[in-house]
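Worth knowing before you read on, the calculation uses all heavy atoms, side chains too, and leaves out hydrogens, waters and symmetry mates.
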Amino acid sequence: MTLQADYTTSQLDVLEAEAIHIMREVAAEFERPCLLFSGGKDSIVMLRIAEKAFWPAPIPFPLMHVDTGHNFDEVIEFRDRRAAELGARLVVASVQASIDAGRVVEETGRRASRNRLQTTTLLDAIEEHGFDAVFGGARRDEEKARAKERVFSFRDDFGQWDPKNQRPELWNLYNAKIRKGEHIRVFPLSNWTELDIWDYIRREGIEIPSIYYAHKRRVFERDGMLLADSPVVQRGEDEPVFEAVVRYRTVGDMTCTGAVQSTAATVEEIIAEIAATRITERGATRADDRASEAAMEDRKREGYF
């Protein structure tokens, strides 16, 4: 009997290996990296990649979350529990603290959101802690401005992004050279798709917050989106509340993150649902990306992720 070796690798194996290589490169090249961890699905996958990259040693950098104060309770609970399970240091940068300190001014009105205010809080936290590289879970398939990003995204000493002033990345070689005050945003999941994320969650058996699965929730409709009924979300008299079975494809500030009607209650059902859709997760559920054709790019130029 002849044994034949199988050297084929799956798409997920290739993506995982690339992400592990990127994380190890950052750990070797930078002095003070950190990983943005919100408790959302992409940051959860990124955290699993970090575990694998450095196992059996602990993850060699802290986690950070820019908390608007208007996040979903299920996600915040998951964030805190997961960080505690790993024994990781969790830095919480608070938008409310930025408002109290006069660093930003809170918006008012029915469509008020703290989402844009995160930029100042993020940049202040990077400066305060001296982070020179920051891992983010953004993917190129999410939005056209993010499709322009390099894996190593250079930010100047004001934290700003210039899509015309980025470094070439030939043969997976990354330029990590920066001057004092500058930093690099690093995107290990750049080449992943939403479907890849869910396939990886299924393969790895990764726990995620319950908000991603179909559940009954009080919502109201605005601009074709279903927003959560919450004291932090201003609602008009022409926006009645009703109960619906929904789930969230992406999570963030609840003032601008919409749900989708769905009965998908398992990872397998979610994968089947995503495979059939032709609308991106941010296009379907993020009001902040609908402000203008270049809404995301404008925020990224200011320092947003």
Polar side-chain atom of Asp42 near backbone of Arg139 as donor-acceptor pair, under 3.5 Å: no

Side-chain H-bond candidate by donor/acceptor type, Arg114 with Gln96, under 3.5 Å: yes

side-chain hydrogen bond (donor to acceptor under 3.5 Å, both in side chains) between Ser262 and Glu273, intermediate numbers included: CA-CA 9 Å; Ser262 171; Glu273 186 177 271; 2.7 Å; yes

is_close_aromatic(Phe72, Tyr212), centroid dist under 6.0 Å: no

ILVMFWY network linking Val251 to Ile76, side-chain heavy atoms under 4.5 angstrom: no

Pair Arg82 + Glu51, salt bridge at N-O below 4.0 Å: yes

Contacts of type side-chain hydrogen bond (donor to acceptor under 3.5 Å, both in side chains), residue His215, not counting sequence neighbours: Arg217

Backbone of Glu31 reached by a side-chain donor or acceptor of Asp132 within 3.5 Å: yes

Verdict with supporting geometry, Glu29 and Ile184, side-chain contact (heavy atoms from CB on, under 4.5 Å): CA-CA 11 Å; Glu29 294 284 348; Ile184 299 289; over 6 Å; no

Main-chain N/O of Met254 paired with Thr257 side-chain donor or acceptor, under 3.5 Å: no

Beyond-backbone contact of Phe61 with Arg89, side-chain heavy atoms, under 4.5 angstrom: no

From CD1 (Ile270) to NZ (Lys41), nearest 0.5 Å: 9.5 Å

Cluster link Ile274 to Leu226, ILVMFWY, side chain under 4.5 Å: no

Backbone N/O of Arg150 and side chain of Ser153: donor-acceptor pair under 3.5 Å: no

Expected output: side-chain Asp67 to main-chain Gly69 donor-acceptor under 3.5 Å: yes

Side-chain (Lys52) to main-chain (Leu47) donor-acceptor, under 3.5 angstrom: no

Common cluster, Ile271/Ile211, ILVMFWY with side-chain heavy-atom separation under 4.5 Å: yes

Atom of Ala19, atom of Pro188 and distance for their closest heavy-atom approach: CB-O, 3.7 Å

Residue pair Val241 / Phe220: nearest heavy atoms and the distance that separates them: CA-CB, 4.3 Å

Check: Ala264 main-chain N/O paired with Arg247 side-chain donor or acceptor under 3.5 Å: no

Nearest non-hydrogen partners of Ala133 and Val186, listed with the distance: CB-CG2, 4.4 Å

Check against side-chain contact (heavy atoms from CB on, under 4.5 Å), Gln261 and Val245: CA-CA 6 Å; Gln261 289 188 308; Val245 177; over 6 Å; no

Salt bridge (charged side-chain N to carboxylate O under 4.0 Å, His left out) partners of Glu25, counting only residues at least two apart: none

Evaluation steps, side-chain hydrogen bond (donor to acceptor under 3.5 Å, both in side chains), between Asp253 and Thr255: CA-CA 5 Å; Asp253 188 299; Thr255 61; 2.4 Å; yes

Residue pairs passing the side-chain hydrogen bond (donor to acceptor under 3.5 Å, both in side chains) test where at least one lies in residues 166-180, sequence neighbours excluded: Arg179-Glu182

Gap between atom CD1 of Ile20 and atom CG of Leu15 - 0.5 Å precision: 11.0 Å

Heavy atoms from other residues, nucleotides or ligands near CG of Asp73 exceed 12 (cutoff 6.0 Å): no

Working for side-chain contact (heavy atoms from CB on, under 4.5 Å), residues Ile44 and Ile206: CA-CA 8 Å; Ile44 291 170; Ile206 299 174; 3.4 Å; yes

Gap between atom CD1 of Ile197 and atom CD1 of Ile208 - 0.5 Å precision: 11.0 Å

Salt bridge Arg203-Glu16, side-chain N to carboxylate O under 4.0 Å: yes

Separation of Phe135 CZ from Met46 CE (nearest 0.5 Å): 8.0 Å

Heavy-atom donor-acceptor pair, Arg155 side chain to Arg185 backbone, under 3.5 Å: no

Single-linkage hydrophobic cluster Val95~Ile126, side-chain heavy atoms < 4.5 angstrom: yes

Intermediate values then yes/no, salt bridge (charged side-chain N to carboxylate O under 4.0 Å, His left out), Arg249 and Glu194: CA-CA 9 Å; Arg249 289 178 67 183; Glu194 183 184 10; 2.7 Å; yes

Exercise: identify the closest heavy-atom pair between Ala125 and Ala93: CB-CB, 3.8 Å

Verdict with reasoning, Tyr213 to Tyr248, per ring pair (Phe, Tyr, Trp, His ring centres under 6.0 Å): CA-CA 7 Å; Tyr213 299 112; Tyr248 285 82; over 10 Å; no

Validation row, ring centre Trp161 to ring centre Phe154 under 6.0 Å: no

Pro33 to Pro62 - nearest heavy-atom pair and separation: O-CD, 3.4 Å

For Leu63 against Ala83, the heavy-atom pair lying closest together: CD1-CB, 4.1 Å

Straight-line distance of Glu204 CD to Leu12 CG, nearest 0.5 Å: 8.5 Å

Pairs meeting criterion side-chain hydrogen bond (donor to acceptor under 3.5 Å, both in side chains) with involvement of residues 55-65, two or more places apart: His65-Arg79

Non-neighbouring partners of Thr121 that pass side-chain hydrogen bond (donor to acceptor under 3.5 Å, both in side chains), sequence neighbours left out: Ser98

Pairwise distance CD(Glu221) to CZ(Phe242) - rounded to 0.5 angstrom: 6.0 Å

Salt-bridge contact Arg202-Glu268 (side-chain N to carboxylate O under 4.0 Å): no

Single-linkage hydrophobic cluster Ile201~Leu86, side-chain heavy atoms < 4.5 angstrom: yes

Side chain Asp196, main chain Thr193, donor-acceptor under 3.5 Å: yes

Verdict with reasoning, Leu117 to Ile99, per side-chain contact (heavy atoms from CB on, under 4.5 Å): CA-CA 9 Å; Leu117 306 186; Ile99 295 171; 4.2 Å; yes

Sequence neighbours excluded - side-chain hydrogen bond (donor to acceptor under 3.5 Å, both in side chains) pairs with any residue from residues 234-243: Arg110-Asp238, Arg222-Glu239

Under 3.5 Å: donor-acceptor pair, side chain of Glu269, backbone of Ala265: yes

